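Remember, it's a predicted structure, so these values are computed and weren't measured experimentally.
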Amino acid sequence: AGPHPAVLIPVGHWMAEGKMHATVQALAQSLVRRGFVVLAYDPIDQGERRVAGMNHRLGLLLLPAGLTDLAVLLGDTLSAADHLAARPDVDARRIGITGCSGGGMNTLYAAALDSRFKAAALVNGVPIPREALTRAALALEGDSRAPITPEREAGVLERLIEEELL
């Protein structure tokens with residue numbers, strides 16, 4: 001059937017493995033089993049886009065050009081959202097975003113910049129303790145003390161869909 005809700009996963013700090021890291025794959029597969037279209041991609045200098053010798057400090061070289069590495073990361077994220085929204089199997093009114101570490105920071109800024117993201121789930125990457133963010137999100141399930149798993153995170157997004165919040 002379709003169109004389906006979608007979730008964008010900007011990967012964070014799994015430098016060598018990127019989107020192929022087992023944690024990212026487990027989350028993506030869990031969401032797909034629940035009916036979401038999922039796009040997980042490698043940000044610059046991670047996974048398939050890894051560049052030998054690259055590190056975050058090299059982002060300073062972008063400043064004279066009027067850019068920052070965050071601007072490059074967000075440009076990738078918004079382009080990925082463009083791609084999802086243009087797909088005929090995606091309901092462009094129901095796109096969410098979730099990321100961990102640098103992907104969490106990316107999620108925070110992308111959700112603030114782009115109203116197409118109807119839900120955002122940050123798993124650290126901002127100056128708020130990871131535990132507090134994750135427990136707050138999982139409190140929607142009524143049991144914020146149980147272990148956090150990719151299945152539980154996907155369940156939170158599924159509830160948002162059921163309640164037409166996503």
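Between Leu122 and Gly104, the shortest heavy-atom distance links the atoms CD2-O, 3.5 Å. Heavy-atom minimum distance, Gly12 versus Ser101: O-CB, 4.0 Å. Closest approach of Thr107 to Pro10, counting heavy atoms only: OG1-CG, 3.7 Å. Contact detail for Pro3 and Val90: the closest heavy-atom pair is CB-C, 3.5 Å. What you find for Ala111 and Ala120 is that their closest heavy atoms are CB-CB, 3.7 Å.
When the side-chain hydrogen bond (donor to acceptor under 3.5 Å, both in side chains) test is applied to Thr77, the partners found at least two apart in sequence or on another chain are Tyr41, Asn106. With sequence neighbours left out, the side chain to side chain contact (heavy atoms under 4.5 Å, CB included) criterion links Val72 to Ile44, Leu62. Contacts of Leu70 classified as side chain to side chain contact (heavy atoms under 4.5 Å, CB included), with partners at least two apart in sequence or in another chain: Thr68, Leu74, Met105, Tyr109. In this structure, the side chain to side chain contact (heavy atoms under 4.5 Å, CB included) partners of His21, at least two apart in sequence or on a different chain, are Trp14, Glu17, Thr23, Val24.
The backbone N or O of Ala26 sits nowhere less than 3.5 Å from a side-chain atom of Ser30 that would complete a donor-acceptor pair. Checked by atom type and distance alone, the side chain of Gln25 pairs as donor or acceptor with a backbone atom of Lys19 at under 3.5 Å.
If you take CG on Leu39 and CG on Leu84, they are separated by 5.0 Å, rounding to the nearest 0.5 Å. From Ile9, atom CD1 reaches atom CG of Leu31 across 5.5 Å, with rounding to the nearest 0.5 Å. In this structure, Met15 CE and Asp42 CG are separated by 10.5 Å, a value rounded to the nearest 0.5 Å.
Residues Phe117 and Leu8 have side chains in contact (heavy-atom distance under 4.5 Å, counting atoms from C-beta outward).
Both Val7 and Val32 belong to a common hydrophobic cluster when Ile, Leu, Val, Met, Phe, Trp and Tyr are linked at side-chain heavy-atom distances under 4.5 angstrom.
Sequence neighbours left out, not one pair with a member in residues 1-16 passes salt bridge (charged side-chain N to carboxylate O under 4.0 Å, His left out). Annotation: salt bridge (charged side-chain N to carboxylate O under 4.0 Å, His left out) contacts involving residues 96-109, sequence neighbours excluded, are absent. Residue pairs meeting the side-chain hydrogen bond (donor to acceptor under 3.5 Å, both in side chains) criterion with at least one partner in residues 82-92, sequence neighbours excluded, are Asp82-Arg116, Arg87-Asp89, Asp91-Arg93, Asp91-Arg94.
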Trace of the side chain to side chain contact (heavy atoms under 4.5 Å, CB included) decision for Arg49 with Asp76: CA-CA 12 Å; Arg49 298 173 74 191; Asp76 283 352; 2.8 Å; yes
